[in-house]
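Here is the structure we will look at.
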Amino acid sequence: MVNHTDTSVVTIERFIVEQERLYPAATGELSGIMYDLALASKMIANKVRLAGLVDILGAKGTENVQGEAQQKLDVIANDIIVKALDHGGRLCAMASEEEEAIIPIPARFRRGKYLLLFDPLDGSSNIDVNVPVGTIFSVLQKVTPGVDGTLEDMLQEGARQVAAGYVIYGASTMLVYTTGQGVHGFTLDPSIGEFLLSHPDMRIPEHGRYLSVNDSYEALWTDEVRALIRRYRGLDGKRAAMNVRYVGSLVADFHRNLLGGGLFAYPANSKSPNGKLRLLYECNPLAFIVEQAGGAATDGSRRILDIKPTELHQRSPYYVGSRADVAIATEMLAGG
Ligand code: AHG
Ligand code: MN
Ligand code: MN
């Protein structure tokens, strides 16, 4: 006989509600942001899935796909997130990798106490070759007086994030997030349009198998960075070699390493003295997630989450993944 009270299917909505009950003081606002993000990511997943068909559908003149085909998918993803979240009354401002300035909440909508920072489509240059791409997001709480979110509100240390997550649009679409109570992963069941809990309480292995780094920059690295990467690759004989895996989509590389253990590195180089990745939209959210899963993230000398940002689009060197592997970067780059 079917036991209706003990279903093993946990939708993201049910999970969020149950998590919220752990905080008697919760107002439900953060939960609302999570619902809206889940909805936005389903809409983006649809667009990503149709990416290769845009020309065919456009030629047929169906709907307004033709118009949208002119638009880059990362701009489409950006607009989907802004429109899904600007009117909910929970945010006081947003910031996106795709937009130079802070995105205000239109005056006609109520403002809330949270700020949303996001990379709408990470790895977007991979879209044309059908490689996984993603969305990364970070939620902060307002610290300045007044109703609108300000630059000062945005420039908080990553340690002050109240939630962070990413969505990976791969063979399946997954949403992984934390609110500081562990890391939980949900897989989209496209037949019912629901994210279902598939990876509760994710933990990253202490040591990893995989090294993700773009070593075509080797000539531009410092001697310390070169020695570090040689160490990971087992070339200095001091440790077993890691296996190199580099997708070129941070979300995809990070996701694989979170599940299987490993380290992703995007070091500084002489052409990009702060590396490439953005502190607020990429480094901080994934650092919050990895720490919640038992891993670590550093810029080589500082814990990522301790860095006080000074600019919205600030970049940072980045080493993120299994705790013991990140510790080697901290040791070797600090001259230890
Ligand atoms: P985005 O598509 O959001 O601009 O990010 C691309 C990033 C990241 O996803 C990836 O890890 C990195 O760029 C790859 O850069 P390189 O090609 O320099 O290795
Ligand atoms: Mn990105
Ligand atoms: Mn992007």
Side-chain angles (χ1 to χ4, degrees), residues 37 40-41 43-45 47-48 51 71-82 94-101 103 116-138 158 164-170 174 176 210-221 225-226 229 232 244-258 262-290 297 299 304 309 311-321 326 329:
L37 282 167
S41 49
M43 295 166 77
I44 297 171
K47 298 286 182 193
V48 168
Q71 239 188 341
K72 282 177 65 191
L73 212 52
D74 33 23
V75 176
I76 296 175
N78 186 73
D79 292 350
I80 287 175
I81 296 177
V82 170
M94 290 182 253
S96 161
E97 192 192 75
E98 291 298 320
E99 300 203 28
E100 210 41 49
I103 307 163
L116 177 72
L117 300 90
F118 58 95
D119 177 356
L121 208 60
D122 174 67
S124 52
S125 64
N126 283 321
I127 278 278
D128 291 348
V129 291
N130 227 334
V131 160
V133 292
T135 296
I136 311 175
F137 59 88
S138 162
Y166 65 86
V167 185
I168 177 166
Y169 311 103
M174 262 192 87
V176 174
Y210 299 120
L211 170 66
S212 309
V213 67
N214 184 347
D215 64 3
S216 51
Y217 299 111
E218 181 165 2
L220 306 176
W221 289 338
V225 169
R226 219 172 287 136
I229 302 302
Y232 287 133
V244 175
R245 292 279 191 282
Y246 193 73
V247 175
S249 281
L250 172 63
V251 161
D253 282 311
F254 178 87
H255 183 69
R256 184 201 46 245
N257 295 351
L258 180 65
L263 179 122
F264 174 96
Y266 205 111
N269 67 54
S270 57
K271 285 202 179 136
S272 314
N274 292 312
K276 176 181 187 186
L277 301 175
R278 318 272 189 159
L279 181 59
L280 298 183
Y281 317 112
E282 296 173 318
C283 306
N284 272 341
L286 299 185
F288 186 20
I289 289 172
V290 87
D299 71 351
I304 288 291
E311 281 172 49
L312 207 50
H313 297 290
Q314 183 168 339
R315 297 174 196 271
S316 172
Y318 200 40
Y319 302 85
V320 63
V326 173

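The figures here come from the full heavy-atom set of this structure, side chains too, leaving out hydrogens, waters and symmetry mates. One-based numbering, in listed order, for ligands and for the atoms of each.
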Per-atom contacts of ligand 1 with S124, taking only distances under 4.0 Å to non-hydrogen atoms: 2 (O)
Residue list, side chain to side chain contact (heavy atoms under 4.5 Å, CB included) with D119, at least two apart or on another chain: E97, D122, I136, Y281, E282
From CA spacing to verdict: side chain to side chain contact (heavy atoms under 4.5 Å, CB included), V48, L121: CA-CA 10 Å; V48 168; L121 208 60; 4.2 Å; yes
Distance-only N or O hit between ligand 1 and L250, under 3.5 Å: yes
Atoms in ligand 1 flagged as close to E282, the criterion being non-hydrogen separation under 4.0 Å: 3 (O), 5 (O)
All salt bridge (Lys or Arg N to Asp or Glu O under 4.0 Å) counterparts of D299, not counting sequence neighbours: R302
Protein contact to atom 14 (C) of ligand 1 [nearest heavy atom, distance to 0.1 Å]: Y246 OH, 3.3 Å
Distance-only side-chain donor-acceptor flag, S249 / N126, under 3.5 Å: yes
Between Y169 and S41: side-chain donor-acceptor atoms closer than 3.5 Å: no
Closest protein heavy atom (residue, atom, distance) for atom 5 (O) of ligand 1: D122 OD1, 3.2 Å
Contact partition for Y281 relative to ligand 1, non-hydrogen atoms under 4.0 Å: neither
Region of L121 that comes within reach of ligand 1 [heavy atoms, distance under 4.0 Å]: backbone
Whether Y266 and Y217 hold their rings parallel, tilted or perpendicular, with breakpoints at 30° and 60°: tilted
R278 touching ligand 1 at heavy-atom level, < 4.0 angstrom: no
Qualifying residues under salt bridge (Lys or Arg N to Asp or Glu O under 4.0 Å), relative to R245, sequence neighbours excluded: none
Ligand-side contact atoms (ligand 1) for residue partner D119, heavy atom cut-off under 4.0 Å: 3 (O)
Ligand 1-proximal atoms of N214, by part, heavy-atom distance under 4.0 Å: side chain
Numbered atoms of ligand 1 (with element) below 4.0 Å of S249, judged on heavy atoms: 9 (O)
Proximal candidate to atom 2 (O) of ligand 1 [heavy atom criterion; set S125, G275, G123, P120]: G123
N/O separation below 3.5 Å, E97 to ligand 1: yes
Shortest non-hydrogen separation from A219 to R226 and the atoms involved: O-NH2, 3.8 Å
Atom 10 (C) of ligand 1: the protein heavy-atom neighbour that sits closest, reported with distance to 0.1 Å: G248 O, 3.3 Å
Minimum-distance protein heavy atom relative to atom 15 (O) of ligand 1: K276 NZ, 3.0 Å
Polar side-chain atom of Q314 near backbone of E311 as donor-acceptor pair, under 3.5 Å: yes
Sphere of radius 2.8 Å around the Mn ion (ligand 2) - protein N, O or S atoms inside: D119 OD2, D122 OD1, E282 OE2
